[in-house]
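Written below as structure tokens is the structure these notes are about.
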Amino acid sequence: MKTPLIRSSELSELNSCNVWLKMESAQPTGSFKQRSIGNACLKYVEKGAKKFISSSGGNAGISVAYMGKALNIPVTVIVPKTTSQKAIDLMLQQDAEVIVQGESWVEANELALSLVNDEAIYIHPFDDQYLWDGVATIIDEVIADGIYPNAVILSVGGGSLISGIHQGLKRNHLDIPIYAIETDGTASLNTAMKMGKHIKLEEVTGIATTLAAKQVCENAFLISQSENVQAMTVSDQDAVTACLKFLDDHRTLVEPACGATLSVLYDKKISFSPTEDVLVIVCGGASITFEQLSKYAEQFSLKTVA
Ligand SMILES: *Cc1c(COP(=O)(O)O)cnc(C)c1O
């Protein structure tokens with residue numbers, strides 16, 4: 001679905017430039033996964049898929065469930081025990097079969113892969129060209145709205161978002177810096193860039209579970225090596241603070257995975273010139289409630305209004 005592009009008065013003033021918010025949080029499933037997973041599901045149905053299998057306990061699984069219902073295709077999502085009830089409820093709401101298996105994603109994914117056959121297709125959460133094709137339409141829409149950004153800021157988990165945005169920039173002939181944001185505990189791209197090697201982290205930690213891929217997809221790593229990618233990390237606390245501010249400024253609840261990107265602007269970590277148009281991908285996220293955000297705020301001794 002096309003999403004609104006909003007000039008943020010608050011963030012523009014704070015950063016002395018034009019900050020444009022691409023509101024992927026407004027997608028029916030609450031995140032940009034609607035574009036990536038949405039496109040992949042359509043393509044696999046064209047190729048004969050009769051069932052979708054996912055192992056994502058987060059936004060990817062929620063979007064596979066949504067697409068299954070929309071396309072009248074049965075969906076099985078295998079999720080680890082750590083998956084939030086909120087996420088499971090959202091999948092059940094779309095009539096997906098949800099199986100809870102294993103302590104972590106690795107075990108859930110093993111079971112998921114064992115269910116795959118010629119007709120039951122595994123939908124990868126981030127490493128598939130079809131996913132990136134769907135994401136690239138974000139940039140087409142921004143251009144169609146008449147904005148030619150001078151920089152783009154986005155969050156990185158497994159790397160489908162950065163892959164698709166890069167593809168969209170390329171085909172629209174925009175050669176601009178990409179600021180790739182992770183939390184300290186999920187810095188798989190940041191670490192790989194520092195080492196100049198496509199590494200896999202030993203472990204990922206913290207509250208931004210949506211960004212918790214131990215290794216980014218190879219395409220994302222290659223982009224980081226060949227293009228103007230600036231990697232930055234933020235603390236969980238800064239991500240939560242940004243979620244709270246964003247809720248007040250734009251009346252939109254987003255996951256810390258998205259707050260990480262917003263915090264770079266709230267904390268003025270990059271300097272822009274007044275004529276610059278800065279595009280922020282508000283990736284969103286449905287695995288958050290106000291109650292959960294308040295708990296995080298308490299955990300970090302932050303003030304909430306409620
Ligand atoms: C999936 C997701 C990300 C990370 O995207 P990758 O393509 O895995 O890098 C960030 N934020 C939200 C809300 C997401 O759903």
Side-chain angles (χ1 to χ4, degrees), residues 3 21-40 54-66 83-84 86-87 90-91 105 123-136 138 152-168 178-183 185-190 192-193 201 204 206-221 223-224 229 231 233-234 236 239 242-243 246 252-264 280-288 292-293:
T3 53
L21 306 172
K22 187 59 172 161
M23 299 296 281
E24 291 304 298
S25 50
Q27 291 287 358
T29 53
S31 79
F32 79 88
K33 295 293 194 310
Q34 201 49 35
R35 288 186 198 261
S36 55
I37 302 284
N39 186 59
S54 169
S55 59
S56 159
N59 296 305
I62 295 166
S63 273
V64 175
Y66 178 93
T83 305
S84 71
K86 168 83 180 167
L90 287 168
M91 293 171 200
W105 175 80
I123 307 290
H124 198 285
F126 54 81
D127 194 4
D128 186 326
Q129 179 64 50
Y130 288 148
L131 302 170
W132 314 332
D133 293 343
V135 170
I138 292 178
V152 56
I153 312 180
L154 49 77
S155 297
V156 175
S160 69
L161 184 55
I162 192 171
S163 293
I165 292 295
H166 171 255
Q167 186 176 321
I178 300 173
Y179 291 90
I181 317 302
E182 296 173 303
T183 58
T186 65
S188 43
L189 181 65
N190 269 265
M193 286 177 69
L201 296 174
V204 279
I207 61 170
T209 50
T210 294
L211 304 183
K214 288 183 181 168
Q215 186 177 35
V216 295
C217 62
E218 188 181 14
N219 191 59
F221 176 69
I223 291 168
S224 79
V229 175
T233 59
V234 305
D236 281 355
C243 290
F246 194 68
T252 301
L253 180 64
V254 295
E255 287 182 17
C258 179
T261 278
L262 297 169
S263 79
V264 167
V280 181
I281 311 299
V282 182
C283 45
S287 297
I288 186 78
Q292 184 61 56
L293 183 61

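Whatever order the structure lists ligands and atoms in, that order sets their numbers, starting from 1.
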Which of the atoms in ligand 1, numbered in the order shown and given with their element, are less than 4.0 Å from a heavy-atom of [X]?
{"X": "Val156", "answer": "9 (O)"}
{"X": "Gly285", "answer": "13 (C)"}
{"X": "Lys33", "answer": "1 (C), 2 (C), 3 (C), 14 (C), 15 (O)"}
{"X": "Phe32", "answer": "1 (C), 2 (C), 3 (C), 5 (O), 7 (O), 14 (C)"}
{"X": "Ser160", "answer": "6 (P), 7 (O), 9 (O)"}
{"X": "Gly159", "answer": "6 (P), 7 (O), 8 (O), 9 (O)"}
{"X": "Asn59", "answer": "13 (C), 14 (C), 15 (O)"}

N or O pair under 3.5 Å between Phe126 and ligand 1: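 No, since none of the N or O atoms of Phe126 sits under 3.5 Å from an N or O of ligand 1.
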Would Ser155 count as being in polar contact with ligand 1, using the rule that some N or O on each side must be under 3.5 angstrom apart?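 By distance alone, the answer is no.
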What protein heavy atom is closest to [atom], reported as residue, atom name and distance in Å?
{"atom": "atom 8 (O) of ligand 1", "value": "Gly158 N, 2.7 Å"}
{"atom": "atom 4 (C) of ligand 1", "value": "Gly157 N, 3.6 Å"}
{"atom": "atom 10 (C) of ligand 1", "value": "Leu211 CD2, 3.6 Å"}
{"atom": "atom 12 (C) of ligand 1", "value": "Thr210 CG2, 3.5 Å"}

Donor-acceptor pair, side chain of Thr261 and main chain of Ile153, under 3.5 angstrom: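 Absent.
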Given 3.5 Å as the limit, does a donor-acceptor pair link the side chain of Thr209 with the main chain of Ala212, or not?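 No, because the side chain of Thr209 does not come within donor-acceptor range (under 3.5 Å) of the backbone of Ala212.
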Would you please determine whether Cys258 falls within less than 4.0 Å of ligand 1 on a heavy-atom basis?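 For ligand 1, residue contact (heavy atoms, under 4.0 Å) with Cys258 is absent.
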For Ala213 and ligand 1, answer yes if some heavy atom of the residue is under 4.0 Å from a ligand atom, otherwise no.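 Heavy atoms of Ala213 never come under 4.0 Å of ligand 1.
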Of the listed options Gly284, Cys283, Pro125, closest to atom 11 (N) of ligand 1 (non-hydrogen atoms):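 Answer by nearest heavy atom: Cys283.
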Report, as yes or no, whether the 6.0 Å neighbourhood of atom CD on Glu218 holds more than 12 heavy atoms from other residues, nucleotides or ligands.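 No, because the 6.0 Å sphere around CD of Glu218 holds 12 heavy atoms or fewer from other groups.
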If every non-hydrogen atom of [X] is compared with every non-hydrogen atom of [Y], which pair is closest and at what distance?
{"X": "Thr186", "Y": "Val204", "value": "CA-CG1, 4.1 Å"}
{"X": "Trp132", "Y": "Cys217", "value": "CZ2-SG, 4.1 Å"}
{"X": "Ser224", "Y": "Val229", "value": "CA-CG2, 3.9 Å"}
{"X": "Ser54", "Y": "Val64", "value": "CB-CG2, 4.0 Å"}

So, Asn219 versus Ser163: side-chain donor-acceptor pair below 3.5 Å or not?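 On atom types as modelled, these side chains qualify, holding a pair under 3.5 Å.
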From OG1 (Thr29) to CD1 (Ile37), nearest 0.5 Å: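 Going from OG1 on Thr29 over to CD1 on Ile37, the span is 9.0 Å.
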At what distance, to the nearest 0.5 angstrom, does NZ of Lys214 lie from OG of Ser188?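 OG of Ser188 is found 11.0 Å from NZ of Lys214.
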